[in-house]
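Chain identifiers are assigned alphabetically (A, B, ...) following the order of the sequence lines, protein sequences preceding nucleic acid strands; residue numbering begins at 1 within each chain. This one's a predicted model, so the numbers in the text were calculated from it and none came from an experiment.
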Amino acid sequence: MQLDDLYRRVIIDHYKNPRNKGAFEDDAVTVNLNNPTCGDRISLQLKVEDGVVQDARFMGEGCSISMSSASMMTEAIKGKSMEQALDLADKFSKLMQGEQVDFDEYEDLEALSGVNKFPARIKCATLAWNALKKGINND
Amino acid sequence: MNTAWIREQFPILNQQVNGHPLVYLDNAATSQKPRAVIEAVKHYYERDNANVHRGVHTLGSRATDAYEGAREKVARFIHAKHTQEIIFTRGTTTALNLVASSYGRSVCGEGDEIVITPMEHHSNLIPWQQVAKATGATLKYLPLQQDGSINLEDVEKTVTDRTKIVSVAYVSNVLGVVNPVKQIAEIAHRHGAVMVVDGAQSTPHMKVDVQDLDCDFYAFSSHKMCGPTGVGVLYGKKSLLNNMEPIEFGGEMIDDVGLYESTWKELPWKFEGGTPIIAGAVGLGAAIDFLTEIGLDEIDRHERQIVEYALERLSEVEGLTIHGPRNRTVGLVSFNLDGIHPHDVATILDSNGIAIRAGHHCCQPLMRWLNVNSTARASFYLYNTREDVDRLINALIQTKEYFGDATR
């Protein structure tokens with residue numbers, strides 16, 4: 001088990017310097033999700049216009065994996081249609097199952113590929129993506 | 001205490017995890033099992049297995065003797081006055097739910113009070129929330145001191161003549177604090193309330209005497225005290241249990257069944273509907289023999305030494321916050337490392353072969369009280385050594401370095 005497979009530099013960078021952290025002042029689609037097994041929480045906000053994610057922000061408390069995943073996810077989905085965003089979520093699920101996936105849209109995401117070797121941590125990485133799916137499907 | 005001999009009794013400890021000898025520090029979640037327990041369960045299935053209380057045949061008698069023999073061992077272990085006061089359950093959670101659903105719902109009404117603390121495990125909190133909702137009773141919380149302990153003056157102020165039930169953990173699974181349940185029981189009784197004690201974290205580690213505590217109910221699990229999972233105990237005073245209705249109905253628990261009316265067996269069987277976890281009870285009996293042979297006083301002394309050493313070493317780690325009182329007698333310590341999430345701490349420790357727990361420990365209200373999202377927890381038992389503590393400390397220092405370096 002190689003720790004560096006899990007904690008790649010780019011993950012730590014997103015953890016220490018999260019992108020899109022905060023909340024919109026005006027209206028946005030808001031999804032709150034908990035990971036009941038560990039107490040981690042995320043609040044995801046999406047600005048959707050004409051079926052396109054114009055902007056995304058998140059707030060939350062969590063480990064380096066859950067927070068870096070949220071940071072990357074919000075970067076990756078900006079400018080994507082809702083279908084494209086859901087496709088990304090599906091690709092991310094495959095990545096978590098150990099499949100080889102290329103993220104041409106946002107390469108940082110590939111850094112999370114090591115998580116699948118740490119089964120106890122997969123739910124950390126998928127928290128933000130589950131919030132995304134919930135937000136789009138309820139919208 | 002001969003720790004080397006004790007460690008030999010636990011086959012699971014003798015293995016490498018992620019290239020390092022296993023250091024198991026998650027005992028508050030579940031303990032490991034000694035050979036004597038594993039053998040007792042194996043022997044039961046290989047030689048004596050049959051259903052209980054109905055066998056005319058020899059195996060049926062042997063299984064019944066083994067199961068009821070385990071009940072007698074439990075009664076002696078916690079100093080119950082009568083063997084019928086021992087009810088086998090699935091664990092502490094089921095035991096506390098039985099008290100809440102049967103006793104709680106029948107005695108509580110509008111305006112009555114149930115008193116618990118914010119440090120309770122969810123299993124000693126949600127059942128009472130449910131009783132309060134169903135009956136209109138008020139759920140009241142004893143305030144905690146700065147260090148997480150309970151002040152008896154606050155108990156005096158909180159418990160009133162409207163209080164029907166006081167339910168408190170003997171030992172907190174997060175703070176490691178031992179609550180003065182004997183004194184709380186005395187206050188509860190003065191107001192006509194019953195005292196329920198969650199003994200999940202105390203029973204494995206110290207001598208328990210339910211008659212001395214004078215508690216009315218006492219619940220604990222086998223799996224945290226070297227026994228199998230899936231079995232636990234509810235102790236209750238006979239006078240209370242006799243007047244309580246069962247909450248599970250079916251086989252094993254009936255006296256006479258008619259088309260429209262049925263009657264129940266005597267204590268304790270009226271509360272044990274369905275085929276019980278016979279092998280689990282036999283394993284728990286073996287665990288009690290094992291712990292008694294070593295001596296609870298010896299285990300207690302050993303744990304005090306280990307936790308004292310652990311607290312001393314942990315306080316040397318910069319940026320590490322220890323939750324709960326500084327003086328403690330029970331071998332568990334919850335902590336947080338500045339800027340590093342407990343999950344990340346636990347993963348790095350695991351890569352060093354060290355098992356700890358990270359999360360909310362089924363104590364979300366207590367996490368809010370501590371103003372943290374989760375904590376890391378190292379919990380010790382009779383087989384842990386000072387070397388285990390040293391390995392923990394070294395790995396924590398490595399965790400800090402790892403997360404420090406990773407940002408460069």
Flag yes if more than 12 heavy atoms outside [X] fall under 6.0 Å of its [atom1] atom; otherwise flag no.
X       : atom1 : result
R313(B) : CZ    : yes
E318(B) : CD    : no
E49(A)  : CD    : no
D50(A)  : CG    : no

Checking [X] against chain B: side chain, backbone, both or neither under 4.5 Å from a heavy atom?
X      : value
N35(A) : neither
D4(A)  : both
L6(A)  : side chain

Using the salt bridge (Lys or Arg N to Asp or Glu O under 4.0 Å) rule, collect all pairs that involve residues 14-33 of chain B, keeping only residues at least two apart or in two chains.
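Qualifying pairs: D26(B)-R377(B).
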Are R121(A) and D344(B) ion-paired here, with the side-chain N under 4.0 Å from a carboxylate O?
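Between D344(B) and R121(A) there is a salt bridge, with a charged N closer than 4.0 Å to a carboxylate O.
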Take I65(A) and H341(B), measure what side chain to side chain contact (heavy atoms under 4.5 Å, CB included) needs, and give me the verdict at the end.
CA-CA 10 Å; I65(A) 303 301; H341(B) 192 278; over 6 Å; no
Any chance you could measure [X], atom [atom1], to [Y], atom [atom2], to the nearest 0.5 Å?
X       : Y       : atom1 : atom2 : answer
C63(A)  : I340(B) : SG    : CD1   : 12.5 Å
N352(B) : L3(A)   : CG    : CG    : 7.5 Å
H343(B) : M67(A)  : NE2   : CE    : 11.0 Å

Using only non-hydrogen atoms and a strict under-4.5 angstrom cutoff, which residues of residues 84-107 of chain A touch chain B?
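Listed by number: none.
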Grab the two heavy atoms, one from N373(B) and one from R41(A), that are nearest each other, plus how far apart they are.
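The answer is ND2-N, 4.5 Å.
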Test Y7(A) against T347(B) for side chain to side chain contact (heavy atoms under 4.5 Å, CB included), laying out the working first.
CA-CA 10 Å; Y7(A) 296 115; T347(B) 293; 3.6 Å; yes
